[in-house]
Amino acid sequence: QVQLVESGGGLVQAGGSLRLSCAASGRTFSMYAMGWFRQAPGKEREFVAAFSLSGSRTYYADSVKGRFTISLDNAKNTVYLQMNSLKPEDTAVYYCAATTSVRTVITGTKYDYWGQGTQVTVSS
């Protein structure tokens, strides 16, 4: 089992920045990838960014490329999402997720473990 706890959400004006954190605990040695997803009201959950622990590759949704950066602090078992140039359409609940399966599609939503979510609201 892997437990995930997110923090760092909040209210910010358009053009501003926020950094989300996700601390992992439990069987973290078995993780294959960690990612961030978001869900806006009335919409399906969507992929935002992910970090592959094998190979240290990063993946981004087209909508956030160049504005968001995902990073990993191995010593702290924490993954971060630095969000810059935020737009009102980035408003959503952001979820951290982890998978232990190499068969998981990293840019999909079929991850094994999920955090509780943190609200990000961008005002215009």
Side-chain angles (χ1 to χ4, degrees):
Q1 293 282 347
V2 175
Q3 294 79 41
L4 303 170
V5 178
E6 303 108 330
S7 61
L11 172 64
V12 65
Q13 288 188 332
S17 299
L18 280 175
R19 188 177 81 156
L20 305 182
S21 301
C22 174
S25 60
R27 296 175 63 87
T28 57
F29 61 88
S30 64
M31 292 192 298
Y32 168 62
M34 295 184 72
W36 288 95
F37 298 79
R38 66 188 181 186
Q39 187 166 18
K43 294 188 176 181
E44 293 187 353
R45 189 170 298 185
E46 64 175 4
F47 166 78
V48 175
F51 193 104
S52 169
L53 276 68
S54 64
S56 298
R57 284 192 63 183
T58 56
Y59 304 80
Y60 295 95
D62 288 342
S63 59
V64 306
K65 278 181 182 176
R67 299 188 299 123
F68 291 11
T69 302
I70 188 170
S71 60
L72 176 68
D73 184 331
N74 266 314
K76 297 181 179 179
N77 287 324
T78 299
V79 65
Y80 302 96
L81 185 68
Q82 178 67 43
M83 305 185 294
N84 298 328
S85 302
L86 282 161
K87 305 174 181 180
E89 50 264 44
D90 294 318
T91 295
V93 177
Y94 282 70
Y95 296 90
C96 175
T99 181
T100 57
S101 173
V102 298
R103 296 181 180 180
T104 299
V105 176
I106 288 181
T107 57
T109 58
K110 303 296 185 183
Y111 279 53
D112 304 308
Y113 304 99
W114 293 85
Q116 80 286 357
T118 184
Q119 177 70 46
V120 171
T121 303
V122 184
S123 63
S124 57

Can any side-chain N or O of Gln39 pair as donor or acceptor with the backbone N or O of Ala92 at less than 3.5 Å? no

When rounded to the nearest 0.5 angstrom, what is the spacing between CG in Leu72 and OG in Ser56? 7.5 Å

Looking at CG of Asp112 and CD of Gln1, how far apart are the two atoms once the value is rounded to the nearest 0.5 Å? 9.5 Å

CZ (Arg45) and CH2 (Trp114) are apart, to the nearest 0.5 Å, by 5.0 Å

CZ on Arg19 to CE on Met83, rounded to 0.5 Å: 11.5 Å

Nearest heavy atoms of Ser124 and Pro88, plus distance in Å: CB-CG, 3.8 Å

With rounding to the nearest 0.5 Å, note down the distance linking CG in Leu86 to CZ in Phe68. 5.0 Å

Is there any ring-ring contact (aromatic ring centres under 6.0 Å, His included) pair reaching into residues 80-104, and which pairs are they, with sequence neighbours excluded? none

Residue list, side chain to side chain contact (heavy atoms under 4.5 Å, CB included) with Ala23, at least two apart or on another chain: Thr78

Residues passing the side chain to side chain contact (heavy atoms under 4.5 Å, CB included) test with Arg57, sequence neighbours excluded, are Ser52, Tyr59

Is it true that a side-chain atom of Tyr60 and a backbone atom of Gly66 form a donor plus acceptor pair closer than 3.5 Å? no

What do you reckon, is CD of Glu44 surrounded by more than 12 foreign heavy atoms closer than 6.0 Å? no

